[in-house]
Amino acid sequence: MPNLPQTQSYSAALYERARKVMPGGCSRNTVLRKPHPLYAVNGAGCYVTDVEGVTRIDFANNVASLIHGHAHPKVVEAVSAQLQKGTAFTLATEVEIEFAEHMCSRNSGFENIRFVNSGTEAVMGCIKAARAYTGRPKIAKVEGAYHGLYDYAEVSQTANPNNWGDAHNPSSVPVSYGTPESALRDVIVIPFNQPAQALEILNRHRAELACVLLDLMPHRVGLVPASQEFVHAVYEWTRENNALLVCDEVITFRSNYGGAQEWYAVQPDLTAMGKMIGGGFPVGALAGNQDVMSVMDPLADKVLFPHYGTFSANPVTMTAGLVSMALFDEAAVANLNRLGETARTNITEAIWLADIPACVTGGGSIFRIHMKAEIPTTYRAAYMTPKESKIIQALLDHLFDNGIIMINSCSGTLSTVMTEKEIDILTETLLAGFRKIRRLF
Ligand SMILES: Cc1ncc(COP(=O)(O)O)c(C=O)c1O
């Protein structure tokens, strides 16, 4: 792949306009780059072209949300037909039922499902459902895990060495200024993959905890799968203490046909989903057994968790989601996971060839590159030092300038339209990048 010059012109001008009308010039910090974001004009398959006319391979896939890449013909066809018929009604639509049936058929624990508009909303829905079901106020979550923007879900997400406290008893650290103290008190933070310490903390709050919220391969915690021991310990603890296990599979649902939870012999009470299940459109979903999900049943004598949403289950998202998930069948999941394995193996080899203290984590069809010799298994171990952040940024810039878009933690997600060719280009470009950044260690 040739070196791609990054011209400033049109994108720089757009950013100047953007800064006048949006804080930071954008509606989500994810798109920011220095000195300015690049603006996309179109995507096709696994390639994205920006306004300067530069085309890159997309390993970010709108932060792991495009499982079939951009503008998949089958999704475009189905959505275009739906657009002609209307995009949102104050009536239900049949496609919502079809999509609900499809999603429930993927996992025997999904007896009921409700759709929402984002992963944030799905996690919030699960937390509120757990509180309503148990009548308890508190939740427990893993230090550093990202679960979206809900006050309770975001606690400790950006904890750092200055405020994270004792490793055996992590502090509840707010993300946004102004987070109510009461929200911090109601969120109990446990360390990832450390069952004994986690149970000790959970036991101290056993009568008050509505649920334990777990991402089975949390990205910010290092993108390492949760150990069997950790998941089983937490699951058994919830059974013994009448709390719910809530799995956030907003990213990890792609890992198996029925989600990353298939890696473990546990059945979460509730699962939050989002991103790729929307086929490129805003989506979230919460699914679980009928008993727990019935807290949202408006036909019950007492409705414990009244639940609404203007655009929830709109027929455009439902159509795109149904087509995309039908295409992401058992064979497609297995193929993509094989490609993920190849990517991780090849990147590990490139690290070895370049002889740098780096490593790769991940599972299924996602991976993350760390500037650490040892694989980090907790948030504190995965936490980037200022030097590591600088090296990662240099690597990301090298990749971007050479035609590869990654997620800004140096993570990549694969799409079903990718082949070994794109993995080879990635590995070659990374190898050159690793050699370039060697001097920075
Ligand atoms: C694990 C996890 N949960 C929840 C969310 C929030 O999803 P959304 O951005 O759709 O609100 C994200 C988003 O990155 C996520 O990675």
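Throughout, numbering of the chain's residues begins at 1 and tracks the sequence. Since the model is a prediction, treat every value here as computed from it, not as a measurement. Remember, it's 1-based here, ligands and their atoms both numbered in the order they're listed.
- Contact between His219 and ligand 1 is absent, with no heavy atom of the residue lying under 4.0 Å from the ligand.
- Listed by atom number, the atoms of ligand 1 under 4.0 Å from Ser118 heavy atoms are 10 (O), 11 (O).
- There is no side-chain donor-acceptor pair under 3.5 Å between Tyr379 and Gln157.
- When only modelled atom types and interatomic distance are considered, Asn337 and Glu341 share no side-chain donor-acceptor pair under 3.5 Å.
- Of the N and O atoms on the side chains of Asn314 and Thr317, at least one donor lies less than 3.5 Å from an acceptor on the other residue.
- Using a 3.5 Å distance cut-off with no hydrogens or angles, the side chains of Thr252 and Glu249 do pair a donor with an acceptor.
- For atom 6 (C) of ligand 1, the closest non-hydrogen atom of the protein is Thr120 N, 3.5 Å.
- Annotation for ligand 1: atoms under 4.0 Å from non-hydrogen atoms of Asp215 are 1 (C).
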Just distance, no hydrogens or angles: give the donor-acceptor pairs under 3.5 Å from side chains in residues 144-152, sequence neighbours left out.
unit_1: His147; atom_1: ND1; unit_2: Asp248; atom_2: OD2; d: 2.7
unit_1: Tyr150; atom_1: OH; unit_2: Arg131; atom_2: NH1; d: 3.1
unit_1: Tyr150; atom_1: OH; unit_2: Arg131; atom_2: NH2; d: 3.4

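- Salt-bridge formation is not detected for the pair Asp297/Arg114: no Lys NZ or Arg NE/NH1/NH2 atom is positioned less than 4.0 Å from an Asp or Glu carboxylate oxygen.
- The nearest heavy-atom contact from the protein to atom 8 (P) of ligand 1 is Gly119 N, 3.4 Å.
- Nearest non-hydrogen protein atom to atom 15 (C) of ligand 1 is Tyr146 CD2, 3.7 Å.
- Residue Ile251 places a heavy atom less than 4.0 Å from ligand 1.
- Of the polar atoms of His147, none of the N or O atoms is found under 3.5 Å from an N or O of ligand 1, judged by distance alone.
- There is a side-chain donor-acceptor pair under 3.5 Å between Thr361 and His370.
- Here the heavy atom of the protein found nearest to atom 3 (N) of ligand 1 is Asp248 OD2, 2.7 Å.
- Side-chain atoms of Gln194 and Thr378 include no donor-acceptor pair closer than 3.5 Å.
- The distance criterion of under 3.5 Å between nitrogen or oxygen atoms is met by Lys275 with respect to ligand 1.
- Using a 4.0 Å threshold on non-hydrogen atoms, atom 10 (O) of ligand 1 counts as touching the protein.
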